[in-house]
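Everything quoted here is computed from the prediction, not taken from an experiment.
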Amino acid sequence: MENSNSGEQREINGIIEKITYKNEQNGYTVCSLKSGREHITSVGVLPFVTVGDNVKFIGKFIVHPVYGEQFSVEYFETVAPKTVAAILRYLSSGIIKGVGPATAERIVEKFGSDTLDVIQNSPEDLAVIKGISLDKAKNISEEYKKQFGIRDLMLMLNPYQISMEKCIEIYQYYGSKAYEKIKKNPYILCLDNLDVSFEKVESIASDLGIPQENEMRLAAGIEYILRRNLLNGHTCLPRKKLIPVAASLLECDSNCIEDICDKLIGNLNLRSKTIYNDDFLALPQYYNAEEYISARLLAAKKYISSGNVLDELEIDYVENKLGIKFEKLQRDSIKYAFENSVFVLTGGPGTGKTTTLNAIIELYERRNATIQLAAPTGRAAKRMTELTGREAKTIHRLLEVEWTSENRQSFARNEKNPLECDVIIIDEASMLDSLLFESLLHALKISTRIILVGDTDQLPSVSAGNVLNDILSSGAYSSVALKKVFRQAMKSTIITNAHAIINGEPSDLSNKSKDFFMMHRDYAIDVCDTVLELCQNRLPDAYGFNPLTDIQIICPSKKAQTGTVNLNNLLQAVLNPKKDTQPQLSYKGVYFRAGDKVMQIKNNYDLQWQRDKGEIGFGVFNGDVGYITLIDIKGGIVKVRFDDRTATYFIENIGELELAYAVTVHKSQGSEFECVIVPLFDTPSQLLYRNLLYTAVTRAKKLLIIVGLEGIYDKMALNDKKTLRYTLLKDFIIENESI
């Protein structure tokens with residue numbers, strides 16, 4: 001972990017004499033290298049190195065604030081031992097599982113200087129040695145190939161600026177055949193979710209002599225475009241749009257791309273569907289997911305009896321118990337949730353959606369039904385728990401996510417091991433993507449009733465798909481949209497302005513209400529200064545808000561002067577400044593300190609946490625917000641408190657966190673905060689649309705402050721252009737229903 005200015009890149013050679021620390025999961029290592037007469041402390045991702053290895057390190061000398069000078073390794077090579085004595089020392093080190101000193105001595109005594117060649121290329125010959133079965137011999141060979149397989153991979157990919165961390169990820173994905181697979185088809189690196197850029201892969205392919213007209217290259221380019229568009233939410237693309245983009249990227253004739261597409265469709269590497277005379281092309285995984293969702297929902301509709309009638313007296317009962325009076329659409333919603341196999345409840349803030357949901361839960365419990373509550377994200381699940389008074393889980397946790405040896409996601413819950421529930425209720429269903437919903441449906445019994453709850457005016461899912469809107473717009477399943485804003489909710493200007501945004505009505509930004517303010521600023525620097533002043537002094541003094549726990553800055557974008565990156569740096573400087581006695585870590589130019597507000601930016605199901613009462617568990621999820629409580633550089637750990645539990649990170653995993661004084665609107669989905677400040681100034685034009693503004697505004701519970709230009713607010717509120725998503729689910733549903 002780099003904590004000072006880097007020096008010039010250098011190469012050092014030597015023998016590893018001691019390993020102080022090693023993380024077996026990601027290969028991060030601290031070791032002592034003997035180079036001539038020097039003993040150099042070296043740190044970096046060094047998988048499979050062991051004491052006695054002869055290595056070449058390339059990197060830079062840095063000065064650690066506690067441990068002093070270290071060599072930060074950016075690239076390394078391990079030199080295979082050649083003499084009999086060196087081979088024996090290497091095998092005796094324990095680096096190869098199943099080979100201890102005694103076994104190593106017997107192997108080297110038998111094969112001498114040919115030992116490593118036998119292990120790599122003729123492992124069956126090892127079985128002649130006492131104590132080594134044929135299976136064990138094969139395992140020894142595989143373990144050995146790991147050591148030098150990843151070395152060969154790094155030698156191959158390092159010239160293309162592919163990091164050691166990425167090499168490890170690639171090796172974990174493809175195993176010992178990684179080198180051969182890439183040499184045969186380097187384009188797999190920009191596919192299979194490995195996220196190596198197409199440009200880098202083109203360089204590798206060119207050096208390997210793969211011609212531009214090679215079909216493998218053209219097919220990979222087409223798939224790459226489809227995969228990149230998953231990031232924009234599209235599960236498919238119109239053929240007429242895909243062809244010219246692919247022809248431009250691959251610098252070839254459109255007719256050639258047409259031919260390749262036809263071949264890919266013919267061998268099922270691409271799927272095609274015609275909708276209103278237009279052909280849409282999709283990757284098989286996404287085509288199959290949306291086809292399965294439509295078929296599975298139809299199966300539930302056919303299988304589950306619609307005769308589960310709810311008596312009006314039962315609704316009267318729950319009215320009396322909850323001390324409320326339902327309006328007609330709420331009563332309809334409660335009835336439909338019982339009478340239908342699939343039911344969708346939507347509504348904005350203040351429309352009684354939560355009250356209706358609680359009534360549905362209460363009545364199902366009264367009938368002794370087993371109910372499971374879930375949401376797509378950790379923050380949304382936590383909020384659902386708070387609103388219902390019952391435990392809600394993330395869908396990933398509910399499905400018991402696992403990781404295979406190839407670092408691929410799988411779920412323990414599926415058709416063979418389904419969830420035991422009569423009813424499942426998914427909140428924040430607008431955040432559901434196609435693959436996640438498919439996995440959930442695989443884990444539900446055919447008799448399970450499905451209730452989706454969400455706000456269709458919020459942003460769609462971050463990942464590809466448009467599940468909630470596709471189900472609703474198909475018209476095939478029972479749904480109710482709650483529209484009436486209740487009188488009590490009308491007292492909140494946050495709620496009334498939120499509905500004004502959605503209805504295309506003007507908001508009165510001059511009205512200095514008790515919970516909604518517009519603070520006009522003409523310059524970006526003034527917007528930033530105002531945000532800092534509000535957080536540091538004005539809001540804590542006037543309302544008693546805690547700047548860290550109660551106030552959240554929500555920005556349309558990461559970029560520009562009023563984006564999250566700059567504001568996080570400015571807010572950290574005033575809310576948690578550097579202290580001379582306080583350790584800090586640096587990652588890609590961002591400093592982390594004890595006391596910082598941070599967000600987890602990827603799901604980590606293996607991360608251990610402990611609750612205040614001692615309960616130990618695993619898993620921290622994308623979007624979880626917490627506070628750094630400890631940075632122990634000597635011990636190599638960072639502790640982060642998330643609500644009532646504290647998670648322990650290794651220092652080298654600090655890249656899973658980012659500062660969260662300011663977050664993007666997308667990252668805030670599914671959450672609510674006491675006070676929200678939204679800077680609107682240098683917002684990129686592509687983000688000036690209604691749903692983004694609405695989602696930001698509806699994150700605030702008690703106070704919302706807009707800082708910047710009224711014109712930007714008005715542009716966003718008036719721009720009802722929906723984010724276009726190409727998907728197949730709606731058409732699959734309509735097609736299945738008609739059949």
Side-chain angles (χ1 to χ4, degrees), residues 327 329-330 345-356 383 428 430-431 453-460 468-469 472 480-521 527 530 534 552-557 562 664-666 668-681 683-723:
E327 59 114 15
L329 280 181
Q330 288 180 297
L345 175 64
T346 64
T351 58
K353 193 171 55 181
T354 299
T355 305
T356 307
R383 182 165 169 265
E428 297 290 353
S430 63
M431 300 171 70
V453 183
D455 184 345
T456 53
D457 292 315
Q458 287 191 32
L459 295 171
L468 183 64
N469 278 295
L472 282 170
V480 171
L482 300 176
K483 296 290 187 183
K484 179 182 176 182
V485 181
F486 285 88
R487 186 179 301 170
Q488 185 177 354
M490 290 292 287
K491 296 176 183 177
S492 166
T493 315
I494 295 171
I495 291 176
T496 56
N497 277 340
H499 285 277
I501 292 168
I502 288 305
N503 295 330
E505 300 166 356
S507 300
D508 184 3
L509 300 181
S510 64
N511 177 22
K512 300 296 183 183
S513 68
K514 63 180 181 180
D515 66 349
F516 191 107
F517 297 92
M518 175 76 207
M519 302 181 73
H520 179 91
R521 296 294 182 269
V527 173
T530 301
L534 286 168
Q552 183 61 59
I553 316 303
I554 298 180
C555 307
S557 171
T562 63
T664 62
V665 179
H666 284 88
S668 73
Q669 279 183 272
S671 302
E672 275 191 338
F673 309 95
E674 297 295 297
C675 173
V676 168
I677 302 172
V678 182
L680 293 181
F681 190 82
T683 306
S685 59
Q686 67 269 26
L687 297 177
L688 296 176
Y689 60 94
R690 183 179 294 176
N691 295 97
L692 194 80
L693 178 62
Y694 173 79
T695 303
V697 167
T698 52
R699 299 310 91 205
K701 290 166 69 174
K702 293 182 179 178
L703 181 63
L704 178 82
I705 302 175
I706 308 290
V707 183
L709 299 174
E710 293 89 342
I712 291 181
Y713 182 100
D714 292 338
K715 279 183 182 178
M716 295 179 78
L718 292 172
N719 182 8
D720 193 26
K721 183 180 179 181
K722 303 286 185 184
T723 304

_Spacing of OG1 belonging to Thr496 relative to CG belonging to Asn503, to within rounding of 0.5 Å_ = 11.0 Å
*Under the side chain to side chain contact (heavy atoms under 4.5 Å, CB included) rule, what do Leu703 and Phe517 come out as? Steps first, then yes or no, please.*
CA-CA 8 Å; Leu703 181 63; Phe517 297 92; 3.3 Å; yes
*Going from CD1 on Ile706 to CG on Asn497, what distance comes out if it is rounded to the nearest 0.5 angstrom?*
9.0 Å
*Determine the minimum heavy-atom distance between Lys491 and Lys514, stating which atoms define it.*
O-CE, 4.3 Å
*Going from CD on Gln669 to CG on Leu459, what distance comes out if it is rounded to the nearest 0.5 angstrom?*
4.5 Å
*asked:* Side chains of Pro349 and His499, heavy atoms from C-beta outward: is any pair under 4.5 Å?
replied: yes
*Tell me, with the steps shown, if Glu327 and Lys484 meet salt bridge (charged side-chain N to carboxylate O under 4.0 Å, His left out).*
CA-CA 9 Å; Glu327 59 114 15; Lys484 179 182 176 182; 5.3 Å; no
_Evaluate Arg699 against Ser668 for side chain to side chain donor-acceptor pair (under 3.5 Å), listing each step before the verdict._
CA-CA 7 Å; Arg699 299 310 91 205; Ser668 73; 4.7 Å; no
_Nearest heavy atoms of Thr351 and Gln330, plus distance in Å_ = O-NE2, 4.4 Å
*What pair of heavy atoms forms the shortest contact from Ser492 to Asp515, and how long is it?*
OG-OD2, 3.0 Å
_Pairwise distance CG(Asn691) to CE(Met716) - rounded to 0.5 angstrom_ = 9.5 Å
_Quick one, Ile494 with Val697, criterion side chain to side chain contact (heavy atoms under 4.5 Å, CB included). Give me CA distance, side-chain angles, the key distance, then yes/no._
CA-CA 7 Å; Ile494 295 171; Val697 167; 4.2 Å; yes
_For a side chain to side chain contact (heavy atoms under 4.5 Å, CB included) check, start with the C-alpha distance between Gln458 and Glu428, then their side-chain angles and the critical distance, and finish with the verdict._
CA-CA 9 Å; Gln458 287 191 32; Glu428 297 290 353; 3.8 Å; yes
*With no hydrogens and no angle check, is any side-chain donor or acceptor of Thr346 less than 3.5 Å from a backbone partner on Thr456?*
no
*Taking all non-hydrogen atoms of both residues into account, name the closest pair between Pro679 and Pro556 and its distance.*
O-CD, 3.6 Å
*How many angstroms lie between CG in Leu687 and CD1 in Ile712, if you round to the nearest 0.5 Å?*
11.0 Å
_Candidate pair Thr683 and Lys715, rule side chain to side chain contact (heavy atoms under 4.5 Å, CB included), full reasoning_ = CA-CA 11 Å; Thr683 306; Lys715 279 183 182 178; over 6 Å; no
*Might you point out which heavy atoms bring Thr698 and Ala498 nearest each other, and give the distance in Å?*
CG2-CB, 3.7 Å
*Taking all heavy atoms of Ala696 and all of Val676, pick out the closest pair and write down the distance.*
O-CG1, 4.2 Å
*Enumerate the residue pairs fulfilling salt bridge (Lys or Arg N to Asp or Glu O under 4.0 Å) with a member in residues 683-693, sequence neighbours excluded, ordered by first and then second residue.*
Arg690-Asp720
*Could you tell me whether the side chain of Leu468 reaches within less than 4.5 Å of the side chain of Met431, counting heavy atoms only?*
no
_Applying side-chain contact (heavy atoms from CB on, under 4.5 Å), can you list everything that pairs with Ser671, at least two apart in sequence or on another chain?_
Arg379, Phe673
*For Asn719, check side-chain contact (heavy atoms from CB on, under 4.5 Å) against everything at least two apart and list the hits.*
Tyr689, Lys721
*Going by heavy atoms in the side chains, are Cys555 and Thr562 under 4.5 Å from each other?*
no
*Gap separating the CG atom of Leu693 from the CG atom of Asp457, nearest 0.5 angstrom*: 12.0 Å
